Chemist: 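Following this message is one structure expressed as structure tokens.
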Number of protein chains: 2
Amino acid sequence: MSRARQTVTLTADLVILTIRDGVLSVLLVERENEPFQGRLALPGGFLRGDESLERTAARELAEETGLDAGALRLRQVGVYSAPDRDPRRPRVVTCAYLAIAPDLPVPVAGSDARAARWVPVAEAATAGLAFDHDLILADAVELARTLLQFSTIATAFCGPEFTIGDLREVYEAVWGVGLDKPNFHRKVTDADGFVVPTGGKRPSPSGRPAALYRAGGATELVPPMTRPRLGT
Amino acid sequence: MSRARQTVTLTADLVILTIRDGVLSVLLVERENEPFQGRLALPGGFLRGDESLERTAARELAEETGLDAGALRLRQVGVYSAPDRDPRRPRVVTCAYLAIAPDLPVPVAGSDARAARWVPVAEAATAGLAFDHDLILADAVELARTLLQFSTIATAFCGPEFTIGDLREVYEAVWGVGLDKPNFHRKVTDADGFVVPTGGKRPSPSGRPAALYRAGGATELVPPMTRPRLGT
DNA sequence: CAAATAGTGTCTTTAAGACACTATGAT
DNA sequence: ATCATAGTGTCTTAAAGACACTATTTG
């Protein structure tokens with residue numbers, strides 16, 4: 001019974017999100033070759049010899065951003081296996097991974113010299129990415145939005161030290177909403193193991209300096225952050 | 001740059017859950033061949049010619065249970081790509097899908113004549129499944145538990161008509177907890193588009209007959225069903 | 001002082017959960 | 001009548017959200 005036991009090529013694609021100037025942005029590379037030459041695409045690469053897909057994704061992440069995949073957590077977004085998703089040839093199946101990064105100084109030029117840059121997600125979605133990367137990006141952003149509700153992952157968007165205001169801006173950028181400052185402050189500082197004060201303060205150009213925090217030990221966020229409902 | 005562009009074999013595995021006699025159960029097949037001959041495994045099969053993985057999963061579902069995949073919704077659980085997960089040969093990568101089914105009369109003998117049967121999830125987890133199917137099953141069950149909180153998918157465990165008590169038993173079986181009957185009743189009937197009364201009643205051997213409902217139009221469940229927290 | 005941003009107090013509304021109570025059937 | 005299961009009322013507590021208010025800085 002070896003009927004149609006087909007072999008395929010596997011890739012791992014990365015959706016690396018960060019916040020730049022208060023705008024949710026994604027790391028994209030410009031394609032050098034056909035198909036989709038000159039179009040923007042998610043960074044990614046082929047599965048190699050003895051790797052799992054997670055390892056492929058971690059390796060690509062290091063190559064594209066210089067970030068240690070051990071520090072950052074990769075989460076599976078999903079598998080994309082439509083037979084014609086790669087026009088070159090059938091049967092290139094990809095698994096997408098989500099990574100959340102602090103605001104990096106600049107995307108490290110990939111070791112493979114591709115021009116990588118941060119693009120606001122809203123812009124990327126309208127511009128039209130290569131392959132089915134529009135769909136992948138949309139799924140990944142939706143996953144990130146959900147993770148913000150139930151996990152403490154928002155701190156991954158921040159540096160090692162941050163203010164509650166910084167954290168609030170993360171939620172506002174990813175969710176695309178405005179949040180009540182006083183209630184947000186209370187909720188975050190009350191949640192167990194979400195943030196812990198470092199004792200330091202960050203002066204502001206004009207106004208009271210904000211206390212600094214670092215990420216706490218918890219991964220799950222209880223009670224969850226409630227995302228404002230639109231339709232209601 | 002064709003370095004190590006490896007080809008792999010892809011399969012889709014199915015975690016088909018149902019509730020039998022109040023116990024969360026999974027459809028398993030007994031393996032006829034090595035490796036893991038005689039052991040229980042998740043049903044699944046190889047990706048064919050022009051299929052997407054979703055289609056492979058849907059086809060397997062039809063073969064194993066006779067259920068129309070159009071009626072049932074398949075959800076991706078995840079990709080499992082550890083290099084040595086199939087001892088026969090490296091690079092068999094699988095994508096697992098979750099399907100939720102009403103209590104079927106009996107597993108339709110698969111068209112490929114494998115002995116398929118329902119096994120309580122607790123039993124399957126301890127028995128030790130073939131390959132990494134223990135892990136896949138655990139992930140799928142965790143996904144199902146989460147879906148019960150935020151979606152109206154619990155009705156998929158029931159037939160076309162069901163009582164609120166039936167629905168409560170679904171939650172209790174999947175979550176492994178007891179729920180307050182009066183509060184559950186109110187919450188379910190108040191939630192918009194979760195269940196709609198059919199007007200019928202189901203007599204009970206001893207006691208007041210229960211009103212019958214069918215699944216409503218909503219897919220998202222707001223407010224969500226709150227899953228009792230353990231540690232607190 | 002005013003302006004600006006950080007953070008606290010407190011009230012209202014909503015939902016969760018406990019549980020007493022009523023309703024409707026079989027025997 | 002009793003027993004059993006279905007379903008409602010109501011009270012308590014916890015959390016969401018609005019928003020007035022206080023605190024701490026710069027100019």
Side-chain angles (χ1 to χ4, degrees), chain A residues 22 148-150 158 161-172 175 177-214 218 220-232, chain B residues 22 148-150 158 161-172 175 177-214 218 220-232:
Chain A
L148 249 59
Q149 281 188 78
F150 302 105
C158 302
E161 282 196 334
F162 52 86
T163 68
I164 303 297
D166 294 341
L167 196 61
R168 185 171 42 75
E169 283 168 13
V170 168
Y171 277 90
E172 292 179 335
W175 285 352
V177 297
L179 298 175
D180 183 272
K181 298 184 197 189
N183 290 336
F184 183 89
H185 189 284
R186 205 187 343 258
K187 180 136 194 194
V188 163
T189 50
D190 285 359
D192 218 59
F194 191 6
V195 297
V196 295
T198 64
K201 289 196 185 304
R202 175 193 297 168
S204 87
S206 108
R208 174 175 170 177
L212 287 169
Y213 295 81
R214 58 177 176 77
E220 202 186 355
L221 185 54
V222 285
M225 289 297 287
T226 44
R227 185 171 163 193
R229 299 198 54 73
L230 303 170
T232 334
Chain B
L148 249 59
Q149 280 188 78
F150 301 105
C158 302
E161 282 196 334
F162 51 87
T163 68
I164 303 298
D166 294 340
L167 196 60
R168 186 171 41 75
E169 284 168 13
V170 168
Y171 278 89
E172 293 180 333
W175 285 351
V177 298
L179 298 175
D180 183 272
K181 299 184 197 188
N183 291 336
F184 183 89
H185 189 284
R186 201 185 348 254
K187 181 137 195 193
V188 163
T189 49
D190 284 359
D192 219 58
F194 192 6
V195 297
V196 295
T198 64
K201 290 197 185 302
R202 175 194 298 168
S204 86
S206 106
R208 175 175 169 178
L212 287 170
Y213 294 81
R214 58 176 176 77
E220 201 186 355
L221 185 54
V222 284
M225 289 298 286
T226 45
R227 185 170 161 194
R229 300 198 52 74
L230 303 170
T232 335

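Just the heavy atoms: all of them, side chains too, but no hydrogens, waters or symmetry mates, feed the values below. Nothing here was measured: the structure is a model prediction, and the numbers come from that model. Within every chain, numbering begins at 1; the chains are lettered A, B, ... in the order of the sequence lines, protein sequences first and strands thereafter.
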Chemist: If I take atom OG1 from residue A:Thr163 and atom NE2 from residue A:His185, how far apart are they, to the nearest 0.5 angstrom?
Modeler: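 Interatomic distance, A:Thr163 OG1 to A:His185 NE2, rounded to 0.5 Å: 9.0 Å.
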Chemist: More than 12 heavy atoms of other residues, nucleotides or ligands under 6.0 Å from CG of A:Asp192: is that the case?
Modeler: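 Open: at most 12 neighbouring heavy atoms sit under 6.0 Å from CG of A:Asp192.
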Chemist: How long is the line joining CD1 of A:Ile164 and P of D:dT24, in whole Å?
Modeler: 17 Å
Chemist: Locate the shortest heavy-atom distance separating A:Val195 from A:Ile164; write the atom from each residue and the value.
Modeler: CG2-CD1, 4.3 Å
Chemist: Which distance, rounded to the nearest 0.5 Å, do you find between the CG of B:Asp166 and the CD of B:Glu161?
Modeler: 10.5 Å
Chemist: If you look at every heavy atom in A:Pro203 and A:Pro209, which pair is closest and at what distance?
Modeler: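 That closest heavy-atom pairing would be CA-CB, 3.8 Å.
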Chemist: Would you mind telling me which of A:Trp175, A:Phe194, A:Tyr171 makes a ring-ring contact (aromatic ring centres under 6.0 Å, His included) with A:Phe184?
Modeler: A:Tyr171
Chemist: Rounding to an integer number of Å, can you tell me how far B:Leu179 CG sits from D:dA6 P?
Modeler: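 To the nearest whole Å, that distance equals 14 Å.
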Chemist: Could you give the CZ-to-C1' distance, from A:Phe162 to C:dA6, as a whole number of Å?
Modeler: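 Whole-Å distance recorded here is 16 Å.
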Chemist: From A:Arg186 CZ over to A:Asp180 CG, what is the distance, rounded to the nearest 0.5 angstrom?
Modeler: 8.0 Å
Chemist: Would you name the heavy atoms of B:Leu148 and B:Leu221 that are closest together and state the gap between them?
Modeler: O-CD2, 4.1 Å
Chemist: Roughly how many Å is it from CZ in B:Phe184 to C1' in C:dC19, rounded to a whole number?
Modeler: 18 Å
Chemist: Provide, to the nearest angstrom, the distance between the NZ atom belonging to B:Lys181 and the C1' atom belonging to C:dG17.
Modeler: 16 Å
Chemist: Go through residues 188-202 of chain B and report each residue with a non-hydrogen atom lying under 4.0 Å from DNA chain C, sorted by number.
Modeler: none
Chemist: At a heavy-atom distance below 4.0 Å, what parts of residues 203-214 of chain A sit against DNA chain C?
Modeler: A:Ser206, A:Gly207, A:Arg208, A:Pro209, A:Ala210, A:Ala211
Chemist: Let me confirm one number: the CZ-CZ distance from A:Arg214 to A:Phe162, rounded to the nearest 0.5 Å.
Modeler: 9.5 Å
Chemist: So how far is it from A:Gln149 CD to A:Thr226 OG1, rounded to the nearest 0.5 Å?
Modeler: 8.0 Å
Chemist: For nucleotides 11-17 of chain D, just jot down a letter per nucleotide in 5' to 3' order: B, S or -, based on protein non-hydrogen atoms under 4.0 Å.
Modeler: -----SB
Chemist: Any side-chain N or O of B:His185 less than 4.0 Å from the OP1 or OP2 oxygen of D:dT8?
Modeler: yes
Chemist: Which value, rounded to the nearest 0.5 Å, describes the distance between B:Leu179 atom CG and B:Lys181 atom NZ?
Modeler: 11.0 Å
